[in-house]
Amino acid sequence: MATTTYQVQGMTCGHCVSSVGAEVGAIAGVSDVQVDLASGRVTVTSESPLDTDTVRAAVDEAGYDLVGA
């Protein structure tokens, strides 16, 4: 198992949290996604380390910006 925390910019409400959680959660191998709205941190647990570009694409699809891992 791998757990990585990413910094996401632009989330302002519960809908934002749901959107990011759903998109990142759909990545193959992801078993858990925890989104902290206040800090902008998204903690992802997966079977193996994820490619940052894959996570960035999922966050982008949700309409937000991945600014750090």
Could you go through residues 56-69 and list every donor-acceptor pair under 3.5 Å that involves a side-chain atom there, pairing it with any protein atom two or more places apart or in another chain?
{"from": "Arg56", "atom 1": "NH1", "to": "Leu66", "atom 2": "O", "distance (Å)": "2.9"}

Enter the distance from Ser31:OG to Met1:CE here, rounded to the nearest 0.5 Å.
3.5 Å

In this structure, OG of Ser18 is separated from CE of Met11 (nearest 0.5 Å) by 11.0 Å

Identify, with sequence neighbours excluded, every residue that meets side-chain hydrogen bond (donor to acceptor under 3.5 Å, both in side chains) alongside Thr52.
none

When Val44 is tested against each of Val24, Val35, Ile27, Asp32 for side-chain contact (heavy atoms from CB on, under 4.5 Å), which residue passes?
Val24

Gln34 side chain to Asp36 side chain, donor-acceptor N/O pair below 3.5 angstrom
no

Between Val30 and Leu50, does the side chain to side chain contact (heavy atoms under 4.5 Å, CB included) criterion hold? Intermediate values first, please.
CA-CA 9 Å; Val30 170; Leu50 298 173; 3.7 Å; yes

Heavy-atom neighbours of Glu47 CD exceed 12 at 6.0 Å
no

Run the side-chain hydrogen bond (donor to acceptor under 3.5 Å, both in side chains) test against Thr43 and tell me which residues pass, sequence neighbours left out.
Thr5

Closest non-hydrogen contact found for Ala2 with Ser48 is CB-C, 3.8 Å

